[in-house]
Structures are given as C-alpha cells and as structure tokens.
Protein chains: 2
Amino acid sequence: MESQKIRNMEEFAAVSGISRPTVSKYFNDPESVRQSTRQRIEEALESYDYRPNIFAMNQNRRLTKNVGIVVPYLADPTFAEMARNIERRCIEAGFRPSLFSAHGEREIEREILDSLRSLRPAGVILAPLGRHSDVEHLVRFCEEVPTVLLDRNIDGVGHAFVGSDNNSFVNQSVDYLLRTGEPPVFFEMENPKNPNSLSRRNAYISVMESHGLEPMIHRVRGEGWVSEEIGYQGAMRALNERALPTDTILCSNDRLAIGLLAACYEKGYRVGRGPGCALRVASHDDHPYARFTCPSLTTVGHDFVLVSNRGVDTLFELIERGEVPGTQAGGRTETLFPARLVLRLSA
Amino acid sequence: MESQKIRNMEEFAAVSGISRPTVSKYFNDPESVRQSTRQRIEEALESYDYRPNIFAMNQNRRLTKNVGIVVPYLADPTFAEMARNIERRCIEAGFRPSLFSAHGEREIEREILDSLRSLRPAGVILAPLGRHSDVEHLVRFCEEVPTVLLDRNIDGVGHAFVGSDNNSFVNQSVDYLLRTGEPPVFFEMENPKNPNSLSRRNAYISVMESHGLEPMIHRVRGEGWVSEEIGYQGAMRALNERALPTDTILCSNDRLAIGLLAACYEKGYRVGRGPGCALRVASHDDHPYARFTCPSLTTVGHDFVLVSNRGVDTLFELIERGEVPGTQAGGRTETLFPARLVLRLSA
DNA sequence: CAAATTTCTTTACGCGCGCAAACATTATTT
DNA sequence: AAATAATGTTTGCGCGCGTAAAGAAATTTG
C-alpha cells in the first residue's frame with residue numbers, strides 16, 4: 001500500500017503500466033477497456049489508492065456524472081426515504097448524486113436550481129414545491145438539464161413525470177370508508193402548497209358525486225410546512241365547535257392526520273372502527289410514522305420505493321438517449337402508480 | 001440582459017472592463033477589491049449573468065469553499081432540521097455545503113468520507129454514526145480535513161466537538177420524575193448504535209445512585225435504525241409480561257418513546273400524570289414529533305439550532321485559523337449545551 | 001505637489017484531466 | 001498465415017481558472 005503518493009493520473013498510469021488515455025477511458029467506463037488491462041488497472045488501484053481529481057474530470061467531460069436530487073422538504077421522512085433510495089441507485093450506477101432540500105421555500109428552490117446548473121449535471125430528479133415553485137424558472141432549467149419530475153406534477157414541465165395516481169388514492173380510501181360506514185368529510189389545508197392536495201380534493205369530489213353523495217370539505221387555516229401543527233390546530237377548533245358534519249374524516253395527507261389524531265386524543269375522542277369509537281380517520285401517503293399514531297393510521301400508501309425507482313430508471317433512459325433537452329421530440333411521459341390501501345386501526 | 005453569451009471569465013472581464021485576475025480576485029472575495037471596481041463588476045454581473053466555472057475554481061484554489069455536512073440518518077427529522085440550519089448558515093457565509101446521510105450504515109459513512117475527501121472541502125461538520133463508525137477511518141479523515149464533530153462525541157476524533165450534555169439531560173428528567181412520582185425505569189435498546197445512549201444510561205445510573213435509589217434498566221432487543229419499531233415491539237412485550245418494575249418510564253430517546261406510546265395506547269394503558277393514568281412516560285431529545293404523540297411527550301430538549309449554530313461557528317473559526325489539520329497544537333475543544341425540560345402531558 | 005501606498009493590468013504558467021488523431025500492438029476472423 | 005477488427009500507445013492541445021511577478025495607474029499621505 002502506498003509505496004509512494006500518487007499525485008495524478010499520469011503517475012498512476014505509470015505505476016499501473018498502462019497509458020494515461022487508457023486509464024482515463026477506464027475511469028470513464030471500466031467496461032470500455034479490455035478485461036486484461038482492466039485487471040492490471042484494478043490491481044494497481046488496490047495498492048496505490050488513487051482517485052481521479054473530480055474537478056478536473058468534470059471540467060473537461062462533455063457530460064458529467066453528476067445527478068441532482070431535489071426535494072421540497074427533507075424533514076418529511078417520506079422525502080428523506082425517497083431521496084435515500086434515489087441516492088443509492090445513482091451511486092450504484094456510477095453517478096454522483098447531490099442532495100438538496102428546498103425547505104419549503106420558493107427562493108431556496110430557485111437557488112438550488114441555479115447552483116445545480118453550474119454543476120452541469122447529467123440529469124436531475126426533482127420533486128418540486130409545486131404550486132409555490134417558480135414555474136418559469138423551472139422551465140428554463142429544464143431546457144438545459146434533463147429533468148424528471150417526481151411526486152408532484154407540473155403541467156408540461158420537465159421531460160417526464162413519475163408519481164402516484166391521486167385518483168387511485170382517493171378512490172380507494174373513499175370506497176373503503178363508504179363500504180364500512182358513513183361518508184367521509186374531506187379534511188384539508190386552506191392553501192395547500194402541494195399540487196397533490198388539489199388533485200386529491202378534486203378526486204374526492206368526483207368520487208363522492210359518482211356515488212350520488214354530496215361532497216363535504218373541511219378546510220383548516222394555517223401557513224407553512226408544519227402540516228402536523230396545522231392539522232392539530234384545525235382539528236382542535238373543529239372539534240370544539242363540532243363543525244364536522246360526519247363521524248368519518250378523510251385527511252388529504254398523513255401529516256395533517258397526525259396532527260388531527262393528536263387533537264382527537266387530547267379532546268378524548270376515541271378514534272377507530274370498533275364500537276365505542278366516536279370517529280373514523282383515514283388518510284393518504286402511508287407516512288413512515290403512520291404506523292405509530294394512536295391509533296395506528298389507516299391510510300392509502302404510495303410505494304415510494306417504486307416511484308423513486310421508476311424515477312431513476314426514467315432519468316437514466318433520458319440520459320442514455322442523450323438528447324439535448326431543448327430539442328427532445330420524444331414528448332413528455334407521465335407514469336402514475338396506483339396506490340394500495342393500508343388497513344390499520346383508525347378506520 | 002444577455003446581449004451575448006459569456007463563456008468564461010476572460011469574456012466576462014472584457015465586458016466588465018476589468019482585467020481577468022482582478023475579476024478572479026473579486027469572486028474569491030468581493031471585499032478584496034476597491035469599491036469602485038466592485039461596483040463595475042457587479043453592474044456587469046447584473047446584465048450578463050455569468051458564474052465562474054465551479055470545477056475550474058475548485059481545481060486551482062488552495063482551499064475550496066466546499067463544506068461537507070454528514071449526518072447519520074436523514075430520515076430522522078431532528079437531523080434533517082440540524083442539517084437545514086447548517087446548510088443555510090454555510091451558504092450565507094459564502095460556502096458551498098454538500099449534504100450526506102450515512103443512512104445508519106458504517107459502510108456508507110466510510111464512502112461518504114472518501115468521496116468527501118476528494119472534494120477537498122475547507123471543512124466538515126460530522127454527526128457520526130457513533131459506535132458503528134469506523135473510528136480509524138474517521139481519524140485518518142480528520143488528519144486531512146478540519147472536522148467538527150456534532151451531537152455524538154467520539155473521544156479524540158476531530159478538531160472540536162459540539163453537542164449536548166447528556167448528564168444535564170438525564171439529571172433534569174430524573175429529577176423531575178422523582179419530584180413528581182415514582183422513580184423511573186430506564187427504557188433503552190439493547191445494542192444502541194448511538195454513543196449518546198451509553199452516556200445517558202450511565203448518567204441515569206449515577207443520578208439514581210446519588211439519590212440513594214437502585215437503578216432499574218429495561219433493555220429491549222432489536223436491530224437497525226427504526227427505533228420507533230423497536231420501542232413499540234419492546235414495549236408490547238414488556239406490557240404483556242408486566243415486566244416493568246414501576247409506573248414511570250424514562251426512555252433513552254424520543255424515537256423509542258414514540259413506539260412505546262403507540263404500544264401503550266394499543267394495550268389500553270392510559271399515559272399521563274393525572275389521576276386515572278397507569279403510566280408516566282418521559283424521554284430525551286425533543287423530537288419534532290414529540291408534540292404530536294398521544295399524549296404529547298414530556299421530554300428533555302436539546303436546542304439543536306443552538307448546537308448546530310455553534311458547530312458552524314466552530315468550523316468557521318477552524319477554517320479561518322487555517323491550520324493544517326494534522327499539526328494543530330490548539331487542542332480539541334468540547335462544547336456542551338445544557339438541556340431544558342419540556343413539560344407536556346405524558347409525565 | 002511629490003512620495004508612498006494601494007490597486008489594477010499585463011503576461012505567463014500550471015492544475016489534472018478529456019479528447020482526438022495517427023500510429024503500434026494485440027485479438028479475431030476467414 | 002494473412003486480413004480484419006479491436007484495443008493500446010504517443011503526442012499534443014485545450015478546458016477555465018488560480019496565482020505569481022513586474023510594471024502601470026490610481027489613490028492616499030505628508
């Protein structure tokens with residue numbers, strides 16, 4: 001090990017007995033060189049620990065191996081898990097992922113995209129803020145960088161979208177609730193930042209109407225990204241004022257539900273589907289903590305591993321096709337995954 | 001705006017009417033040039049949006065402006081919040097933070113440090129896995145890169161440590177519980193990956209002994225990083241077997257407590273300090289979700305904004321001193337913040 | 001106002017690597 | 001074995017910027 005310190009590819013090529021351009025080729029794609037020379041390089045690699053200078057590499061390559069991962073809010077465990085999965089897959093494929101969180105703020109998302117552009121990434125997987133995104137800015141970004149939108153769709157932005165089918169979500173939750181009890185009231189934020197919220201509300205309305213039922217929507221006020229707090233406060237008020245028209249609540253998403261359940265507990269409302277229960281609560285997302293609410297939360301899950309995997313696959317295809325983003329004629333694909341009901345104890 | 005496309009610093013220097021070396025100086029530190037020339041550059045900057053090539057910059061600078069942020073587990077909202085705060089402060093100070101999560105795995109932490117080293121960062125803020133870290137690997141890393149350890153201390157590793165005083169944590173929780181009811185049993189994982197767990201257990205033992213009480217420790221089995229699940233399973237078993245020697249439970253950390261509270265709810269044990277309550281539960285960390293457990297969790301909080309801020313400050317000092325990491329004579333500083341009791345409803 | 005000081009310009013080199021072209025060397029095929 | 005293809009080597013340029021040195025210009029000082 002380290003008989004001497006290797007300073008650059010020149011020196012490493014020397015000790016490995018292979019010419020520098022071939023070594024360069026190897027680092028670009030180990031399979032692009034003959035098996036025998038690959039072995040010689042990798043033997044040298046074991047005894048001399050050298051790694052090519054990443055800055056020099058990126059400066060000169062036509063296309064870097066950088067991949068950007070942008071999520072709207074990293075403190076949300078769902079996004080953390082998605083990001084983790086994407087990260088892992090990128091590394092396995094020989095890419096260098098950089099992870100960013102917009103922390104729920106439009107300005108930060110803009111800055112991330114700007115600084116990402118200067119990394120000249122091969123591609124970007126972007127779960128946008130959604131309604132609070134600077135759409136024009138996004139569009140300009142996507143003209144330069146192959147981008148897959150994840151989780152939240154923005155019409156026409158990016159080269160592909162991969163997410164869940166909000167209709168499928170709400171169909172399943174509403175169907176289940178109707179089958180087993182009273183029709184649900186839809187519990188949501190007044191000004192959701194999340195475009196999925198809008199789709200879900202609309203899906204709820206149309207499912208209810210298709211059953212010949214009157215949609216009931218309860219909107220709670222509150223700003224910001226701490227949905228749990230908003231759900232809690234809104235639920236406290238609703239319960240105090242007995243403002244809910246039915247005993248069955250369908251939350252737009254699990255984070256709201258987490259707050260709502262905390263409020264129910266505090267107010268002494270027993271939640272669940274058994275006898276002696278005052279309320280049923282269901283929701284959407286299958287948040288990692290939904291298993292640990294009191295009672296555990298019946299929810300409709302999207303398999304975020306599936307979604308993120310497909311997102312990665314789509315990006316890799318995009319990169320491989322190597323089209324100049326601006327001129328893709330292939331058109332924009334949208335991939336929606338169905339959701340599945342996760343029956344727990346709250347409804 | 002963009003009368004023409006600026007390709008490099010040469011061209012930008014031309015349109016701004018300033019020589020390239022001076023422009024370079026400006027980008028290195030805007031205050032290092034005369035006010036009048038700074039203005040001219042910034043005017044040009046507004047009409048030509050040019051950004052220096054980050055790879056070329058980093059390749060040639062003695063010291064990059066990169067800062068690494070490494071946390072053990074990003075799906076834990078506490079670390080997500082800390083990372084967010086650190087990120088923001090770094091950007092404000094003109095650095096370029098890169099965020100990494102070890103996802104609880106030793107191997108990933110190693111890889112992160114290796115790939116971080118090749119970014120030649122000016123400094124790194126590292127919340128290590130702790131007992132599962134490859135300590136030798138860490139030590140070697142710290143010889144090359146100025147590193148501030150955060151949240152979890154490893155003796156002698158890194159150039160500074162900033163975290164919370166586990167004694168202060170446990171003193172406060174135990175004192176409170178003793179003052180208001182029965183002595184607590186300490187509820188923890190059998191093989192915690194987290195060095196803080198060890199400190200807390202020891203602190204618990206010594207506080208109990210200092211009160212002339214017999215320490216009681218309940219260890220639950222379980223591997224991995226899903227502490228909530230481990231807490232849930234362990235609590236279910238303990239409750240079924242009536243294995244707890246007292247009605248007061250002090251959890252090593254909030255994530256365990258979240259699982260435990262879910263189990264208590266499911267088994268019908270009423271938790272809280274009022275009459276009619278079967279159990280009291282308290283914990284440590286003030287996890288962002290502690291407010292929404294049922295009942296809300298009495299816990300001892302560390303102010304992670306404070307901790308992360310100090311961590312950043314310490315790193316900046318370290319960078320400014322500009323010592324070669326290996327040869328620092330200044331010695332290693334340890335900064336511990338006291339914790340504060342957050343009284344909620346569970347105890 | 002001249003002298004001292006600061007700041008800028010000019011010139012030039014180097015960083016570590018990607019990439020291309022011309023040529024030499026190996027495998028593979030007929 | 002000769003012809004063809006695949007893979008290497010040699011050589012050399014260029015990427016965009018940092019940095020250093022020497023001299024010119026602007027600013028401050030006395």
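Labels below follow one simple rule: chain letters A, B, ... track the order of the sequence lines, proteins then strands, and each chain is numbered from 1.
- Looking at residues 33-41 of chain A, you'll see A/Val33, A/Arg34, A/Thr37 sit with a heavy atom under 4.0 Å from some atom of DNA chain D.
- For D/dG8, neither phosphate oxygen OP1 nor OP2 lies less than 4.0 angstrom from any side-chain nitrogen or oxygen of A/Ser19.
- B/Asn28 and B/Arg61 form a side-chain donor-acceptor contact under 3.5 Å, judged by distance and modelled atom types alone.
- Here the closest heavy-atom approach between residue B/Val145 and residue B/His159 is recorded as O-CE1, 3.2 Å.
- For the residue pair B/Asn309 / B/Asn85, a side-chain donor-acceptor distance below 3.5 Å is found, with atom types taken as modelled.
- One atom, CZ of A/Phe55, and another, C1' of C/dG18, lie 17 Å apart when rounded to the nearest Å.
- Counting to the nearest Å, the P atom of D/dT19 and the CG atom of B/Asp29 are 12 Å from each other.
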Please walk me through it: do A/Tyr26 and A/Ile18 pass side-chain contact (heavy atoms from CB on, under 4.5 Å)? CA-CA 10 Å; A/Tyr26 166 83; A/Ile18 307 287; over 6 Å; no

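- Here the side chain of B/Lys25 pairs a donor or acceptor atom with the backbone of B/Ser32 at under 3.5 angstrom.
- Looking only at distances, a side-chain donor or acceptor of A/Asn66 sits under 3.5 Å from a matching main-chain atom of A/Leu119.
- Across all non-hydrogen atoms, the minimal contact from B/Leu129 to B/Glu109 is N-OE2, 2.8 Å.
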Please produce a list of atom pairs where a protein N or O lies less than 3.5 Å from an N or O of nucleotides 16-18 of chain D.
{"residue": "D/dG16", "atom": "O4'", "partner": "A/Gln59", "partner atom": "NE2", "Å": "3.0"}
{"residue": "D/dG16", "atom": "N2", "partner": "B/Asn60", "partner atom": "ND2", "Å": "2.6"}
{"residue": "D/dG16", "atom": "N3", "partner": "A/Gln59", "partner atom": "NE2", "Å": "3.2"}
{"residue": "D/dC17", "atom": "OP1", "partner": "B/Tyr50", "partner atom": "OH", "Å": "2.3"}
{"residue": "D/dC17", "atom": "OP1", "partner": "B/Asn53", "partner atom": "N", "Å": "2.8"}
{"residue": "D/dC17", "atom": "OP2", "partner": "B/Met9", "partner atom": "N", "Å": "2.3"}
{"residue": "D/dC17", "atom": "OP2", "partner": "B/Tyr50", "partner atom": "OH", "Å": "3.4"}
{"residue": "D/dC17", "atom": "O2", "partner": "B/Asn60", "partner atom": "ND2", "Å": "2.8"}
{"residue": "D/dG18", "atom": "OP2", "partner": "B/Ser24", "partner atom": "OG", "Å": "2.4"}
{"residue": "D/dG18", "atom": "N7", "partner": "B/Arg20", "partner atom": "NH1", "Å": "3.4"}
{"residue": "D/dG18", "atom": "O6", "partner": "B/Arg20", "partner atom": "NH2", "Å": "2.8"}

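- For B/Thr22, the side-chain atoms get nearest to C/dC8 when compared with the rest of D/dT19, C/dC8, D/dT10.
- When rounded to the nearest whole Å, the span between CD1 of A/Ile18 and P of C/dT25 equals 15 Å.
- By the neighbour-count criterion of 12 heavy atoms within 6.0 Å, atom CG of B/Asp155 is sparsely surrounded, having that number or fewer from other residues, nucleotides or ligands.
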